[in-house]
There are 2 protein chains.
Amino acid sequence: MTGHAHPKTPGPGRAPDQAPPAVKPLRRDAVRNHQLVVEAAREVLSEFGTDASMELIASRAGVGVGTVYRRFPNKEALVDEIAGLMLRELTEVARRSLALPDGTGLERFLRVLGNSLAEHRGYADKLVGHSKASCVEVLRDRIAELLLQAQESARIAPGVELGDIMALIWGLRGIVETSGAVVPDAWRRQLDIQLAGLRAATVPADSPPAVTRAQLRQIGTGAAGTAGTAAES
Amino acid sequence: MTGHAHPKTPGPGRAPDQAPPAVKPLRRDAVRNHQLVVEAAREVLSEFGTDASMELIASRAGVGVGTVYRRFPNKEALVDEIAGLMLRELTEVARRSLALPDGTGLERFLRVLGNSLAEHRGYADKLVGHSKASCVEVLRDRIAELLLQAQESARIAPGVELGDIMALIWGLRGIVETSGAVVPDAWRRQLDIQLAGLRAATVPADSPPAVTRAQLRQIGTGAAGTAGTAAES
DNA sequence: GATGAAACGGAACGATCATTCCGGAAGCCA
DNA sequence: TGGCTTCCGGAATGATCGTTCCGTTTCATC
């Protein structure tokens, strides 16, 4: 179903030639358990964060730890898979939002994103720095498009850059992380306020420049580099 | 120096009567080591977060682990002490900011706060939920005063509430946590943008209400309650 | 149904830490 | 300086957790 782990789970129907690797299809129980593990991991990680033990995830799935490790080489890979799920969902949401009229796509996307952050609060920080950097890049590009649309429709002021939207998102995550257990919806009002602000307000002239795309890429690479290199838009 | 651990470190001069508990003053080497431990803990926790081991802190202080445990009952207490230090500094900054003219105190405070969050990124999340709830409360009150001043000087729109400023702060922390290693100053631009937004923008009418004081108290109590009780300003 | 391959479960292993303990060193007071 | 107290260092302890291993079970195929 998710298709990211070691042995691929090929769709039932595929031309009987194709890929040289020719991985055998998983046994029926194996697919079922894989599914169960992914679902359990999603729940557990959402609720307890990435500190939750593998045993907890396994037991929630009604499965032994060994079974989890048969499908995922280690905990990091499992978490990465779950984060990847969220990433794909968000990318899809962004794609659909691009079709919304009047440049409202960005707002719509950010609202869905907020919900998602709140729901998956436990591992939301694993989105940035996901192993598939290209997926993150795609999402970024979509957000950049949404921003452009919003600016063309005058729903966001001209001076605002992609880095600002990303920072807004990081901020939403911070809000959710701090207040999520008590006021799960606190982020909504904050998002409303910020969107209202971004529509009219001009970025103060003496502010530092926005985070560049290069820096965005660097974040999540784990690189703690202090040197910004190239100048970008 | 810090006066929060098990045996108090009384200031050198005190009236030779006073408190019944009559704690003996610490030995000279003990005070020195206490100091070293606190400094080391601050550095290490800032850099590596609260996952840093006690051994690392001890060795950074040039001291054995046992020595750390003589002054602090456990790791939590040590972290709490360090967070308390930051809390007191911020409270002092807020107090002084109250004296600034034209309602600029809040902005000033938030800027200093941002610096502090960035510098102590590793344990900034331990501010909320500090053991001394009253200290947190005091800081909140100061911030509320600063907000009031700012609103009287028309530097912040009327509809903005304390909960909004707190959420802004949680957001700043989120930004710092995500981007801090690569772009330590990313929070500045975001703060500028948000302040500009808060000055003019009105809170959208259909937004959920701001986080209440009761909820603010609840956050950090570790209570994951979903029920909001009383209605407040 | 029989048989070989794949998958399962969960006990066992090893590493990492927080925390404890105690023999020895260092301050304090007379 | 001597004696007593406090403190120090760091090895040892115990718990948690990620990961591995292997005897057993379940599936797919014939």
Side-chain angles (χ1 to χ4, degrees), chain A residues 1 5-10 12 16 21-41 44-45 48-82 122-123 126, chain B residues 1 5-10 12 16 21-41 44-45 48-82 122-123 126:
Chain A
M1 249 344 134
H6 258 175
K8 290 270 184 67
T9 56
V23 277
K24 271 194 186 172
L26 287 181
R27 249 166 54 174
R28 216 188 320 279
D29 54 350
V31 230
R32 181 177 47 82
N33 282 336
H34 178 88
Q35 176 103 302
L36 287 175
V37 166
V38 168
E39 283 166 12
V44 170
L45 292 176
F48 301 102
T50 48
D51 283 345
S53 72
M54 290 296 264
E55 301 247 358
L56 180 58
I57 296 176
S59 78
R60 175 78 65 113
V63 141
V65 262
T67 302
V68 178
Y69 277 95
R70 181 166 315 278
R71 235 34 92 195
F72 300 94
N74 52 40
K75 188 178 183 178
E76 191 189 336
L78 174 56
V79 172
D80 193 67
E81 165 83 12
I82 302 302
Y123 62 92
K126 295 297 182 297
Chain B
M1 248 341 134
H6 257 177
K8 291 271 185 64
T9 55
V23 279
K24 271 191 183 173
L26 287 180
R27 250 168 53 177
R28 214 187 323 279
D29 53 349
V31 240
R32 181 178 46 82
N33 281 336
H34 178 89
Q35 176 103 301
L36 288 175
V37 166
V38 168
E39 283 167 12
V44 170
L45 292 176
F48 301 101
T50 48
D51 284 343
S53 74
M54 291 296 264
E55 300 247 0
L56 180 58
I57 296 175
S59 77
R60 175 79 64 113
V63 142
V65 264
T67 303
V68 178
Y69 277 94
R70 181 165 316 279
R71 235 33 92 195
F72 300 94
N74 51 42
K75 188 177 183 179
E76 189 189 336
L78 174 56
V79 172
D80 193 67
E81 165 83 14
I82 303 303
Y123 62 93
K126 295 296 181 298

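Letters A, B, ... mirror the listed sequences (proteins, then strands); counts begin at 1. Only a predicted model underlies this, so the values are computations on that prediction, with no experimental measurement involved.
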Atom-to-atom span, [atom1] of [X] to [atom2] of [N] - whole angstrom:
X: A:Arg32; N: D:dT26; atom1: CZ; atom2: P; value: 11 Å
X: A:Lys75; N: D:dG18; atom1: NZ; atom2: P; value: 4 Å
X: A:Phe72; N: C:dC8; atom1: CZ; atom2: P; value: 12 Å
X: B:Arg70; N: D:dT5; atom1: CZ; atom2: P; value: 16 Å
X: B:Tyr69; N: C:dT19; atom1: OH; atom2: P; value: 4 Å
X: A:Ile57; N: C:dG9; atom1: CD1; atom2: P; value: 15 Å
X: A:Arg71; N: C:dA6; atom1: CZ; atom2: C1'; value: 9 Å
X: B:Asp29; N: D:dC7; atom1: CG; atom2: P; value: 8 Å

Using only side-chain N and O atoms of [X], determine if any of them is under 4.0 Å from OP1 or OP2 of [N].
X: B:Thr67; N: D:dC7; answer: no
X: A:Lys24; N: C:dA6; answer: yes
X: A:Arg28; N: D:dA28; answer: yes
X: B:Asn33; N: D:dC7; answer: no

Original post:
For DNA chain D, whose closest nucleotide is more 5', that of B:Glu55 or that of A:Ser53?
Top reply: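 On the 5' side of the pair lies B:Glu55.
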**OP:** Please determine, for the side chain of B:Asn74, which listed nucleotide (D:dG9, C:dA18, C:dT19) has the closest atom?
**Re:** C:dT19
**OP:** Assign each of B:Met54 and A:Gly66 to its nearest nucleotide of DNA chain C by heavy atoms, then name whichever residue's nucleotide is nearer the 5' end.
**Re:**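 By nearest-heavy-atom nucleotide position, the 5'-most residue is A:Gly66.
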**OP:** Check step by step if side chain to side chain contact (heavy atoms under 4.5 Å, CB included) holds for A:Val31 and A:Arg27.
**Re:** CA-CA 6 Å; A:Val31 230; A:Arg27 249 166 54 174; over 6 Å; no
**OP:** Give the minimum heavy-atom separation between A:Arg71 and A:Ala30, together with the two atoms involved.
**Re:** NH2-CB, 3.3 Å
Original post:
Nearest heavy-atom pair of A:Phe72 and A:Val37: which atoms, and what distance?
Top reply: CE1-CG1, 4.0 Å
Side chains of residues 53-68 of chain B: which donor-acceptor partners sit under 3.5 Å, not counting sequence neighbours?
unit_1	atom_1	unit_2	atom_2	d
B:Ser53	OG	B:Leu56	N	3.1
B:Ser59	OG	B:Glu55	O	3.4
B:Ser59	OG	B:Leu56	O	3.1
B:Arg60	NH1	B:Glu43	OE1	2.8

Subject >> Donor-acceptor contact below 3.5 Å, side chain A:Lys75 vs main chain A:Thr50 >> reply: yes
Subject >> Base of C:dA6 paired with side chain of A:Arg27 (donor-acceptor, under 3.5 Å) >> reply: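 When only heavy-atom distances are counted, A:Arg27 does reach the base of C:dA6 through a donor-acceptor pair under 3.5 Å.
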